[in-house]
Every structure is written in C-alpha cells, then in structure tokens.
Asker: 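Quick one: the structure is below, and I'll ask about it shortly.
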Amino acid sequence: MTRSQDPKSHLVALFQHAASQFAKAEHLSIELERPKQASHGDFACNVAMQLAKALKRNPREVAQSIIASLPASDLVEKTEIAGPGFINIFLKPAAWQNVALQTLQAGEEYGRSGVGQGKKVQIEFVSANPTGPLHVGHGRGAAFGASLANVLGHAGYQVQREYYVNDAGRQMDILALSTWLRYLSLGNQFVPFPANAYQGDYVSAMADSIFALHGERYMRLAAAVIANVPDAASDPEGHLDALIANAKNLLGADYAYVHGHALEEQLGDGRNDLTEFGVIFDTWFSEKTLHESGLIDKAVKQLQQHGHIYEQNGALWFRSTVFGDEKDRVVLRENGIYTYFAADIAYHLNKFERGFDRVIDVWGADHHGYISRVKGALTAAGADPDRLTVTLVQFAVLWEGGQKKSMSTRSGQYVTLRELRHEVGNDACRFFYVLRKSDQHLDFDLDLAKSQSNDNPVYYIQYAHARICSVLSAWGGIEADLVDANSARLQHPQELALLRRIAEFPETVAAAARDLAPHSIAYYLKDLAAELHGLYASCQFLVDDEELKLARLSLIAATRLVLRNGLALLGVSAPERMSREAARPGAETPPAEIGSTQQNLA
RNA sequence: GCCCCCGUAGCUCAGUGGAUAGAGCAUCCCCCUCCUAAGGGGAGGGUCACACGUUCGAUUCGUGUCGGGGGCACCA
C-alpha cells in the first residue's frame, strides 16, 4: 500500500480489502473514528461489530480474522481488539510526521477535497428587500451563506452566490411612496405620514437628495395626493395602496424615477454593507426581470397545462394541497398582479434551467411554511424538488449587560448590521454568527464579542496565528526552506497531537460541506488553536538543535496555514500581530450608537 | 389546531449509532528571568427533560408525554 494518501484514507483502503474477504463490499461501509482517548489509538474501526451478526460469530473473533487479513502497511504500528469488538489502530509517528510537510506543500489548497466532484451549486442568501438598511438578522444569513459557499467551494463544488432582489413588489412601492411624501414636505406639501410607511431617517435622507438634485420637479399638491384616499385608522393598508395609486397617477412617468432612486440607494447601501462585511455575490437577480421577460406567465402556464391551476373569486389558485400544503395558494391576484409566490416559482424554475446540479436557498426561519409550497410547485411543474435544499437560519438575539436587546418588527426597533459591525468589528461578527448551528437560535453576546480578552474565541484563534507569525519572524529564516525539514524529529506528544489535528482539516471541511454546517469549521479552529497554544507552552521552538528547530518551525508554519485557510473560509482575518490598540474595531469608521432605532416593515 | 426548531455541567453550547459524554465561561488552586500570559496546567461540577421501542450497543434513530421558542396572508 502506498502512503501518498492521508493516513485515514490509507487505513480505509486496508480495511476495505480485509473486510471484503468476509462480506460483499456494497453491504458495508468502512468507518474509522478518532477515539476520544489516546489509549484507544489513532483510529478505531467498528466493522467487526457490524459484521458479527451476519456472520453469526462473536465480534471479537471477527475482529481477529479481519486483523489477520489486513494488508501490511508501513504506517501501522500495531492493532488491538478492544471492548465489544473495536479494532484500535496505532500508527507509527511517521504517519503523522509527514502531515506538516504535505500541508506546507499544499499551501492555500490544503483542506481542499474533491467530494463535490466539480458539481455546480448555487447558493442564494440574504435576498433582503431593498427597503432599508440590513439588520442583524440579515447579518446572520449573510455570514452563514458566505461561509457555507466558501466551504462548498473548498470541498470541490463550483459555487455561484446569488442575491434575489425583490424590486417589483408592494414593499418597494411603499418605500417609493414614503420617500416621495418626505420629499413633498420639503416643498411644504404636508401629507400625514402613514404609520405603516417606512419611518427611518434614511427615507428622509433620500428625499433630501432628490430635492437637492432635482428641486421641485416632483412636487405635487398635498390635496391631490390625499384625494379619495380611505381613512388611515379604519383601513391602513387600503389607505397606503390608495396613496401609492395617487402617486403613480400624479407623477406619471416620473414615478419610475422616484422608485428607481429609492431602489438604487437601498440596494447600493446593502451591497456596500455586505462588501465591507466580506460578503460578495456573483449575481444579483432582479425579480422585476421575471415579470418583464414573461417568465412568470410561462411558469403559471406550465402549471396550468399540468392541471394544477384553477380560478376562484377572480384570482388564479395553485392547487398546492395536492402536494401536501395546508391550503391552496393564489398565484395571480384579483387585481391582476402576480403574487410573490408566483414569481418565486418562476425564479426557481429559472434556477434549474440555468443548469445547477443543486440549488440551496438560505431563508429566515419565519419562512419555513413556505418550503412545501415551493417544492410542491416545482413538482407540479415537472421539476425535481430534491435539487432544491432550503436551509433555515434561526433568529439572532443580541445580549448586552445580561439583557436581551429587544428587536421587534412590531415596535419598529432594530439594530442594523452596520451598527453591529462597527461596534464589535467584522471578524467577531463573522465568527459569532457562525458559531451556532444555523437551525438554532443564536444568542449573540455583544460584551463577549467586543471583549479583547482570552474569553473571546475569535482572539483566541487569531492569537494562535499571530504567535506563530511572531516566532517565525524572530527566527528570521527563509520559510520556503521549511519543506525540507526533517519531520522525523517531531516526537513530542504535543507535536503529534497537533499533527493529528492538522490532518483532520480536509475531512472537517468535507463534513461541513456535506452537512451544510460551517459552524463545525469554527469549532475545529478553536481546537486547532488550543493544540497550538498547548505546544507553545510545552516546547521551545527556537532551540539550538538546528534540525529540531526547523522541524518544529515547519510544524507551526503548517499550523499557521491551516489557521489561515480555516479563518478565510469563515471570512475572518488572520492578523500577524495582536495589539489591543490595532484590534479596536471600527478604527477607520466611527463606532455607531448601537441603541439607535430604525423603523422596519419588511 | 397543524407544522418546524430546541431541551446535554451553574451559564452559553459542541458531540458522522460506539468504549470513562466534551469545550469555553463562572468557582477554586497553580505556572512568566524564557519565541506575545489575548497563554498553559489542575480541581470540583451530569438521571444527556421523561417513558417506551429499534439493536450487539442509543445523548444520537422511531413513537409518545412534558417544557421552551418560532411559523401558519390575494405580505414579501
């Protein structure tokens, strides 16, 4: 057996060979686990217990036979039968010693695997309405989606990152109206501002800029704006819709300017915010183009042809109950406007047509009832719903001073993503956001995220990286030469423990991709950093023994590489120095007051 | 009412069906003449909510109960 592979793949091949003597290969999967206890070896295999029943033999006896059939390997020190029938494998130090050099050779590629087989995956995330600043909830979706996309890419998928822009709906009309009403007040045309319109300061700011750019061009009489509008108190939604209709009539072709201005401002703001956060999209997909290109008509017709559409009360309904939904859903409203759902069906059919092997949607947990509906529509249209995976991201709750920061849509109070980033810094934001499983509520501890102390896991990991940089710089040699180090000199238990941990990185990335679970990268990095700090405390690197020094430096250089690669997957920087001055978040931008409030209707 | 998520140490949470269930924080004790102490070592702390089932083996899978959170629009 060759040893060009990593130790684990090597062992899997050995066991595959041995076990095939006793059972058909397709009936068993060789699983090697890393025992929690060092006394149980480097790996443990449970295949004997799996086979025992079929063979009607004692598991320990089966284990004995399997061991006897294992091909010889120059990596294996010894094997043991333990407990109910585990085969514990102890590897020779050489199995791990090579890991450091292999890592250095792989460089930025280390951790990459081919489990994705080059398949095309699209991941759509954030997709917030461009009706106001992104808030901390969007931030979690952004951090999760961006990290997951990186992980999938590193696991060998071709990833496309997409943001779906809701630029066609009623919410955008409400934003345009809100902006226009603020603008009118600048010309002393006062229309009572509806409570259910967008209240935020950013709306007034847009009105100011329109007034500065175009003066009175869009000014109309307040009396005309409120003509024939239902009472706001008794019919708030009808009131709003009538104001929008009046705005469209009074402005004519100019309405598109106000609408477009508001859209561009908010979309641009969100894009800048995300870019500063390290979240970059390949595609910004406009909902409006679905309407204009007739794709929605086409999608609904497609459903119609399959007999899943009926008319009732002047609207067109999709018979989603056939596909497990609780009730049928409207696709074309009585007023002749397609619902968001109709656009979404067309959007997902379009995604499929673009040739992705797999499509992943990252949605807020409040959309969970929507999954069966979309999948049902895809099925009804003759598409394979299993190509779509919807991952729900639960809400994030901010805690400060032991108090939950109340952020309810109802009270119109929330903290923006930008405020959070300026308060705690991008690195801590990105890291804390992915520190929990996505389907779990996240308690975001602001005090901890802000603390520049050993309690803060971000600094703990970054410090490990900075420590290595510091040692290598104190050494002052040529780092490229470290690949020639004699790794056989790495004998210390702490050194071997660190090597084992480094070897786990590729499979950790692969598992994170498989489970759509970038949080496991964060946990891995904490473990890796702990291992490094442990070694730091027990071994001197810059020793007189030149050969040993180079071997140890090659080990920490490899560790640094894994820390860098791992942090990069999470969008967290790997600083070469940690100084409390420089680490202050938002040094380039003044920290925003985090308690400030914004109105949010979306 | 129906659906989704969760229940693991005092707190916040990890834990591909495996052996004596882990980490950080908090509490207590110890370690800088030395490459950054933003670090390391040690101690205490558990009925993995509960019951039944599946099996060689269950914190993990299934069913049910209890408890917490969220969602159920001709909104997006």
Side-chain angles (χ1 to χ4, degrees), chain A residues 31 33 35-37 39-40 44 46 49-50 52-53 58-59 82-86 88 127-129 131 166 168-172 174 237 287 312-317 324-327 329-335 337-341 343-344 364-372 392 394-395 397 399 435-443 445 448 451-464 466-475 507 511 514-515 519-520 522-523 526-527 529-530 532-543 553 556 577-580 583 601-602:
Chain A
E31 284 173 24
E33 58 163 28
K36 290 161 192 161
Q37 287 183 76
S39 63
H40 291 153
N46 64 359
M49 290 179 283
Q50 283 184 52
K53 194 179 185 187
N58 178 308
F86 288 102
N88 292 339
S127 299
N129 279 343
T131 53
N166 299 121
R170 177 169 179 263
Q171 296 304 321
M172 272 309 301
I174 297 174
E237 297 308 316
E287 179 191 357
Q312 187 182 312
N313 302 332
L316 288 185
W317 296 70
D325 202 358
E326 299 162 352
K327 58 175 291 225
R329 308 290 173 174
V330 171
V331 287
L332 184 63
R333 285 196 285 262
E334 194 181 0
N335 62 11
I337 297 172
Y338 283 115
T339 58
Y340 176 89
F341 179 42
D344 233 0
D366 52 332
H367 287 62
H368 95 84
Y370 199 67
I371 299 173
S372 60
L392 297 179
Q394 294 283 344
F395 300 114
V397 178
W399 290 79
L435 200 49
R436 296 283 170 264
K437 283 185 286 199
S438 58
D439 60 5
Q440 193 135 292
H441 295 266
L442 169 67
D443 284 321
D445 186 337
L448 183 58
S451 81
Q452 294 174 28
S453 73
N454 49 355
D455 303 349
N456 192 327
V458 187
Y459 291 122
Y460 182 81
I461 296 166
Q462 289 181 323
Y463 179 49
R467 269 187 144 172
I468 295 169
C469 291
S470 171
V471 173
L472 289 173
S473 126
W475 167 57
E507 62 196 84
R514 181 196 61 209
D515 302 335
H519 76 278
S520 50
Y523 281 92
K526 284 208 283 188
D527 290 340
L532 184 278
H533 288 310
L535 176 66
Y536 192 98
S538 53
C539 288
Q540 185 83 12
F541 303 117
L542 301 176
V543 292
L553 291 176
I556 63 170
R577 265 188 303 280
M578 302 290 281
S579 70
R580 288 190 160 83
L601 287 173

Asker: Using the P atom as the reference point in each nucleotide, state the distance between B:C13 and B:G7 in Å, no decimals.
Answerer: 10 Å
Asker: Is it true that a side-chain atom of A:Asn46 and a backbone atom of A:Met49 form a donor plus acceptor pair closer than 3.5 Å?
Answerer: no
Asker: What's the closest nucleotide to the side chain of A:Arg436 if the choices are B:G71, B:U12, B:A19?
Answerer: B:U12
Asker: Can you identify which nucleotide, out of B:U12, B:C35, B:C74, has its nearest atom closest to the A:Asp443 side chain?
Answerer: B:U12
Asker: Among B:C74, B:C35, B:G71, which nucleotide has an atom closest to any side-chain atom of A:Val330?
Answerer: B:C74
Asker: Taking 4.0 angstrom as the limit, do A:Glu507 and A:Arg514 come out as a salt bridge?
Answerer: no
Asker: Rounding to the closest angstrom, what is the interatomic distance between B:G46 and B:G15 at atom C1'?
Answerer: 15 Å
Asker: Could you check if a side-chain atom of A:Leu532 sits within less than 4.5 angstrom of a side-chain atom of A:Ile468, using non-hydrogen atoms only?
Answerer: yes
Asker: As a test of reading the structure: which of B:G15, B:C74, B:A76 is closest to the side chain of A:Lys437, going by heavy atoms?
Answerer: B:G15
Asker: State which of B:G69, B:A37, B:C74 makes the closest approach to the side chain of A:Tyr536.
Answerer: B:A37
Asker: May I ask you to decide if A:Ile337's main-chain N or O and A:Asn335's side chain share a donor-acceptor pair within less than 3.5 Å?
Answerer: yes
Asker: Say we look at B:G67 and B:C28: how far apart would their P atoms be, to the nearest angstrom?
Answerer: 38 Å
Asker: Counting the atoms with a prime plus P, OP1 and OP2 as sugar-phosphate, which does A:Ala82 contact under 4.0 Å by heavy atoms, base, sugar-phosphate, or nothing?
Answerer: base
Asker: For the base of B:G40 and the side-chain ring of A:His533, does the geometry meet a stacking cutoff of under 5.5 Å between centres and under 30° between planes?
Answerer: no
Asker: Which part of the nucleic acid, if any, lies within contact of A:Asn58, taking any heavy atom under 4.0 Å across all strands shown: a base, the sugar-phosphate backbone alone, or nothing?
Answerer: nothing
Asker: Which label fits A:Tyr370 and A:Tyr340: parallel for a plane angle under 30°, tilted from 30 to 60°, or perpendicular past 60°?
Answerer: tilted
Asker: Side chain of A:Gln171 only, please: which of B:A76, B:G18, B:G40 is the nearest?
Answerer: B:A76
Asker: What's the closest nucleotide to the side chain of A:Tyr459 if the choices are B:C13, B:G15, B:A38?
Answerer: B:A38
Asker: Please name the nucleotide paired to B:G18 by Watson-Crick or G-U wobble geometry with both distances under 3.5 Å, or report none.
Answerer: B:C56
Asker: State whether the distance check finds a donor on one side and an acceptor on the other, under 3.5 Å, for side chain A:His368 versus base B:G70.
Answerer: yes
Asker: When you get a sec, tell me which of B:C74, B:A14, B:U16 is the closest nucleotide to the side chain of A:Glu33?
Answerer: B:U16
Asker: Base, sugar-phosphate, or nothing for A:Cys469, non-hydrogen atoms under 4.0 angstrom?
Answerer: nothing
Asker: Does A:Arg170 have more than 12 heavy atoms from other residues, nucleotides or ligands lying within 6.0 Å of its CZ?
Answerer: yes
Asker: Identify the nucleotide, in any strand shown, that forms a Watson-Crick or G-U wobble pair with B:U33, with both distances under 3.5 Å; if there is none, say none.
Answerer: none
Asker: OP1 or OP2 of B:A37 sitting under 4.0 Å from any side-chain N/O of A:Arg467?
Answerer: yes
Asker: Counting N and O atoms only, with roles assigned by atom type, does the side chain of A:Arg333 sit under 3.5 Å from a partner on the main chain of A:Val331, one being a donor and the other an acceptor?
Answerer: no
Asker: Ignoring hydrogens and angles, does a donor from either the side chain of A:His367 or the base of B:A76 sit under 3.5 Å from an acceptor on the other?
Answerer: yes
Asker: Picking from B:A19, B:C74, B:A14, which would you name as closest to the side chain of A:Tyr523?
Answerer: B:A14
Asker: Distance check: side-chain N/O of A:Lys327 vs OP1/OP2 of B:C74, anything under 4.0 Å?
Answerer: yes
Asker: Looking only at side-chain N and O atoms, does A:Tyr370 come under 4.0 Å of OP1 or OP2 in B:G70?
Answerer: no
Asker: Pick the P atom in B:G45 and in B:G10, then give their distance to the nearest Å.
Answerer: 11 Å
Asker: Please work out whether B:C32 sits syn or anti, treating a glycosidic angle within 90° of 0 as syn.
Answerer: syn
Asker: Identify the nucleotide, in any strand shown, that forms a Watson-Crick or G-U wobble pair with B:C72, with both distances under 3.5 Å; if there is none, say none.
Answerer: B:G1
Asker: Just call it for A:Gln440: base, sugar-phosphate, or nothing, with non-hydrogen atoms closer than 4.0 Å on any strand.
Answerer: sugar-phosphate
Asker: Show each protein N/O and nucleotides 56-60 of chain B N/O combination with a separation under 3.5 Å, one pair to a line.
Answerer:
residue : atom : partner : partner atom : Å
B:C56   : OP1  : A:Lys53 : NZ           : 3.4

Asker: In whole Å, what separates the P atom of B:G18 from that of B:C74?
Answerer: 46 Å
Asker: Roughly how many Å apart are B:A58 and B:A51, using the C1' atom of each and rounding to a whole number?
Answerer: 14 Å
Asker: Donor-acceptor check, side chain of A:Trp317 to backbone of A:Gln312, threshold 3.5 angstrom: yes or no?
Answerer: yes
Asker: Judged by modelled atom types alone, do A:Arg467 and A:His533 share a side-chain donor-acceptor pair under 3.5 Å?
Answerer: yes
Asker: OP1 or OP2 of B:A76 versus the side-chain N and O atoms of A:Arg333: is any pair under 4.0 Å?
Answerer: yes
Asker: Using the C1' atom as the reference point in each nucleotide, state the distance between B:C11 and B:U16 in Å, no decimals.
Answerer: 28 Å
Asker: Is a donor on one side and an acceptor on the other found under 3.5 Å between the side chain of A:Asn456 and the backbone of A:Val458?
Answerer: yes
Asker: Could you work out the separation of B:A49 and B:A43 based on their P atoms and round it to a whole Å?
Answerer: 26 Å
Asker: Among B:C35, B:C74, B:A14, which is the nearest nucleotide to the side chain of A:Leu542?
Answerer: B:C35
